[in-house]
Amino acid sequence: MGGGQPGLAAAHVLRRSGLTPVILEASENPTGSWPGCYASLTLFSPARSSALPDLPFGTDGDRYPHRDEVIALLAPHAPWSRPGCAPRHPAAGGVRP
């Protein structure tokens, strides 16, 4: 999985379940494609619905966080120090069983 918002959320749940997910992220930070998006971009769902597990977007759950807020939330939580995580390793394609 990638190191963007959905991948980090899934990895968190898998780790909590005792598994070691593999995260392959093309960039150096776990911010997904957010840095490449236009500055005025906001989430399409409220903060309470868009936070990562155990990592909320602050106290106002009804607001719609902007691009820079999403990047600021994700970037410090780089999973690269954990097993199964590698920055600058884009996934070339998947193999289905």
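Computed from a prediction, not measured in an experiment: that's the story for all the values here. Atoms considered below: every heavy atom in the structure, side chains included; atoms not considered: hydrogens, waters and symmetry mates.
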Cluster overlap Y64 with Y38, hydrophobic side-chain contacts below 4.5 Å: no
Show the atom names and distances, to 0.1 Å, of all donor-acceptor pairs under 3.5 Å that link a side chain in residues 45-52 to residues at least two apart or in another chain.
unit_1 : atom_1 : unit_2 : atom_2 : d
S45    : OG     : S50    : OG     : 2.6
R48    : NE     : D62    : OD1    : 3.4
R48    : NH2    : D62    : OD1    : 2.8
S50    : OG     : S45    : O      : 3.4
S50    : OG     : P46    : O      : 3.1

Passing candidate, side-chain contact (heavy atoms from CB on, under 4.5 Å) with R16, options V13, L14, L19: V13
Residue pair W34 / D68, side-chain heavy-atom distance below 4.5 Å: no
Distance in Å, L8 CG paired with L73 CG, rounded so as to fall on 0.5 Å steps: 9.5 Å
Close side-chain approach of I71 and P35, heavy atoms under 4.5 Å: yes
Rounded distance [0.5 Å steps], CD in E69 versus CG in L41: 11.5 Å
Main-chain N/O of A10 paired with R15 side-chain donor or acceptor, under 3.5 Å: no
